[in-house]
S.K.: 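Mind looking over this structure? Questions follow.
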Amino acid sequence: MEPKYQPELHEEKIYQFWEKSNLFEAKVDQKKKPFSIILPPPNANADLHLGHAMYVYEDIMIRFHRLIGDEVLWLPGADHAGFETQFVFEKHLKKQGKSRFDFDEGILFKMIWDFVQENRNKMESQLRRLGFALDWSKRKFTLDNDVVKIVKETFKKLFDQGLAYYDKAIVNYCVNCGTSFSDLEVVYQEKKGKLWYILYPFELMHPEKGGITVATTRPETMLGDMAVAVHPKDKRYKNLIGKAVNLPIVNCGIKIIADEVVDPKFGTGAVKVTPAHDPTDWEMAKRHNLGLRQVIDMEGKMTILTPQEFQGKKVLEARELVLQKLKELGLLVKEENHTHRVGTCYKCGQVIEPLPMENWFIKIKPLAKKAKELIVREKIKIYPKKFKKILLWWLDHFHDWNISRQIIWGIKIPAYYCNICKRWFVSVETPKKCPYCQKNHFVSVSTTFDTWFSSAQWPFATLMTQKENSKFQISNFKKEPRKTIFEYFYPTTVMETGYDILPWWVARMIMIGYFVTKKPPFFNVVLHGLVRDKKGQKMSKSKGNVINPMEMIDKYGADALRLALIYETTLGADINFSEERIIGMRNFINKVWNIGRFIYLNREFKIQNSKFKINNKMSLLLKLEKEFKEIKRKYLRLMKNYRFSPALVLLHNFLWHHLADFYIEESKKLEENDKINFFTRLEEVYLNCLLMLHPFAPFVTEAIWQVFKKGESIYQQNLISV
RNA sequence: GGCCGGUUAGCUCAGUUGGCAAGAGCGCUUCGUUCACAUCGAAGAGGUCGGGGGUUCAAAUCCCUCACCGGCCACCA
């Protein structure tokens, strides 16, 4: 053993050894308890970042459960990450002075495919460098044919039960990215703006005869107004309800209506109603049969339904023009400063334009109801528990889920519209005829699924699509039912991921997972926090505070990085990360190595002096025995409750400050016979500590174990039986 | 406006059934080390555990309240 632990000499070799020996390959074994985790599939469009290194939590669980004798499965995969990837790829194109419009769809798809394959391989080798005990024989990709088929089948099932529907509605549309989004992709930002008060007169030529004044932050949308609304109990306007006013510039009459959603305290208490460009107004228009006039198009420009001078103008230009016109007409009553929240695209930051559009939606209410039951009745447990409340809140507040994306990278929505029957049908395979009229006059849609629609199916889709042959290990008791990988490992034991994707992913997996399999997709949800920089700021390229996990591994080894992410942290809380933390853990790992080295050197000495009296009652030995027993008991309890950080602190403290600083120092003072005696037991205690540490620091513990046990792997050991 | 966190040593943070004399990492001071490890050891400085009130034999830990910081969410145009 070298005097210093040098991770670069061991890590790659060890991982190759694990992988070559198929140690991570899970099998069906009826005699054992299954323990399964599906790795949240990283996006196959970029390198791993520190957030991905947090999956070390999963590796700890997997290796720990392997250690206590469970049959473990940790299944890796990659996400095609639809819109995200297309966005990244377009940036690449832009650097080359090109855009997506320079290629036809098929070629573009193929280009992105190749780009993703390359990234995927890179990403997977990075997962290996982190030491993750993933079963590579079962790896899946969200665009694997068999997965795609399942995704489409799920959609068909939703459609058949009336839970997927096609509808024209106001959706969040980014005119820059050219696609619609679900509510979750909209980021609201505080912006300083103006609130304009506009008079809608009774008589166009005689504003002095009065009218009704409305307040708005978006005057340009008045061109699409269909009514003015007031609160039904508002005394100021009660006698005006039902009367008509003139819509300036457009020069037409619109009605004053009464609706509960109007807040009498805001502005003038009268609100302009623009059904085509505001979701609240859209709903109001439905209630009052108002109809709509779309004045903004998909490119963010004014449509031909506006007066000619506005047509083709961008929204902000149109706004200025409208204000100018109103001023000329003497109808702009006043303007005041106003801070309000504006919806922006989570990716490009552009203001989201609410537009009426036809999209596919998932009806959430019935799905959410079932999901809630699973959580409330603790069929699914959430760790840490504060997220239970948050998850339930979400399940109560989801709107219907817009799953259409107007992009090419993804799974095509397998929906077809029959021009004869005038209705939609869904077909998993490419259809030859309409199922209703048996003719072939139908068209398909060119939109793809929201990538989360496929991720929502990941736990069951990955397991259902496993090749079953030769993976069985039939138990000795032949009467046991023969089970498939899916039956054996589903529902999975744990879903571990960052709390930031709770509504995007976790909630949807529960809803869709239960819908398809009638079982929860997992029994436990464990949520980790975000990795921030030393000062608690978000890591970002622009701030230059990003720590690259691979660089850290090069410098200090994977074990040090892993421990630094766990040591003295709180599950579910963000962690402030720094290189210093890794250095501290690198030192600890070297300490562990050197304790081993010391024991190993003394072992030679022991063998040379093999004649010694047995003395098991030495006080130092008894003290050690007692303390170790206590440590092991605490460790097991903590690990079973997902309390990994305290378990690691416990081991750290015991190994360094008790075993090394106290017991080893004391042992040096012993007489020779006692010394030999003591070291015999000390070695056993130490090896047990290595086992307990192994889930956290797999490489160094394996390296030492192989020295002590002449090439045997620590991964296959059983903690209880040692 | 709703909800959820946080406030403990100079810095970053642990401290879950309330109880041994308040901890760790990094930093700092002094000393030591041919004999496993300087990626080391020994000793030490440094904290009114945000303020106030309450429950208790006992509270950093439970309850109430206030202050400050942070996060997530919401159709007030």
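Note on naming: letters A, B, ... go to the chains in the order of the sequence lines (proteins, then strands), and numbering restarts at 1 for each one.
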S.K.: Does a nitrogen or oxygen in the side chain of A:Asn587 sit under 4.0 Å from OP1 or OP2 of B:C40?
M.R.: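 Yes.
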S.K.: With a 4.0 Å limit, can you tell me whether A:Thr570 has a side-chain N or O closer than that to the phosphate oxygens OP1/OP2 of B:A14?
M.R.: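 Checking B:A14 against A:Thr570, a side-chain N or O does come within under 4.0 Å of OP1 or OP2.
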S.K.: Would you tell me if any nitrogen or oxygen in the side chain of A:His338 comes within less than 4.0 Å of OP1 or OP2 on B:A77?
M.R.: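 So the side-chain polar atoms of A:His338 do come within 4.0 Å of the phosphate oxygens OP1 or OP2 of B:A77, strictly under.
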S.K.: Establish, with yes or no, whether the OP1 or OP2 oxygen of B:G41 is under 4.0 angstrom from a side-chain nitrogen or oxygen of A:Trp656.
M.R.: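 So the side chain of A:Trp656 is within the cut-off, an N or O lying under 4.0 Å from OP1 or OP2 of B:G41.
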S.K.: What does B:C40 pair with, Watson-Crick or G-U, if both distances are under 3.5 Å?
M.R.: B:G32
S.K.: Determine the Euclidean distance between corresponding P atoms of B:C11 and B:A36; express it in Å to zero decimal places.
M.R.: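 Nearest-Å result for B:A36 against B:C11 at atom P: 39 Å.
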S.K.: Under a 4.5 Å cut-off applied to non-hydrogen side-chain atoms, are A:Lys538 and A:Arg532 in contact?
M.R.: yes
S.K.: Whether A:Lys709 engages the ring of A:Trp705 as a cation-pi pair (distance to the six-membered ring centre under 6.0 angstrom, angle to the ring normal within 45°) should be assessed.
M.R.: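 So A:Lys709 does make the cation-pi contact.
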S.K.: Start at the 5' end of RNA chain B and walk down; is the nucleotide closest to A:Arg341 or to A:Lys591 reached first?
M.R.: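 The residue whose closest nucleotide sits nearer the 5' end is A:Lys591.
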S.K.: Indicate the atoms forming the closest heavy-atom contact of A:Ala560 with A:Ile589, along with that distance.
M.R.: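 Heavy-atom minimum between the residues: N-CD1, 3.3 Å.
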S.K.: Should the pair A:Lys632 and A:Phe654 be classed as cation-pi, given the thresholds of under 6.0 Å to the six-membered ring centre and 45° from the axis?
M.R.: no
S.K.: Could you go over nucleotides 9-12 of chain B and give all protein N or O partners under 3.5 Å, atom names and distances?
M.R.:
| from | atom 1 | to | atom 2 | distance (Å) |
| --- | --- | --- | --- | --- |
| B:U12 | O3' | A:Asn576 | ND2 | 2.8 |

S.K.: Between the side chains of A:Ser182 and A:Asn402, does any donor sit under 3.5 Å from an acceptor?
M.R.: no
S.K.: For residues 503-511 of chain A, please give each side-chain donor-acceptor pair under 3.5 Å, one per line with the distance, not counting sequence neighbours.
M.R.:
| from | atom 1 | to | atom 2 | distance (Å) |
| --- | --- | --- | --- | --- |
| A:Trp504 | NE1 | A:Glu185 | OE2 | 3.4 |
| A:Trp505 | NE1 | A:Ser455 | O | 2.9 |
| A:Arg508 | NH1 | A:Trp504 | O | 3.2 |

S.K.: For B:A42, does OP1 or OP2 lie under 4.0 Å from any side-chain N or O of A:His657?
M.R.: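 No, because none of the side-chain N or O atoms of A:His657 sits under 4.0 Å from OP1 or OP2 of B:A42.
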S.K.: Give me, pair by pair, the N or O atoms of the protein and of nucleotides 4-6 of chain B that are less than 3.5 Å apart, along with how far apart they are.
M.R.:
| from | atom 1 | to | atom 2 | distance (Å) |
| --- | --- | --- | --- | --- |
| B:C4 | OP1 | A:Lys389 | NZ | 2.4 |

S.K.: Quick one about A:Tyr642 and A:Glu496 (side-chain donor to acceptor, distance below 3.5 Å, no hydrogens or angles considered), yes or no?
M.R.: no
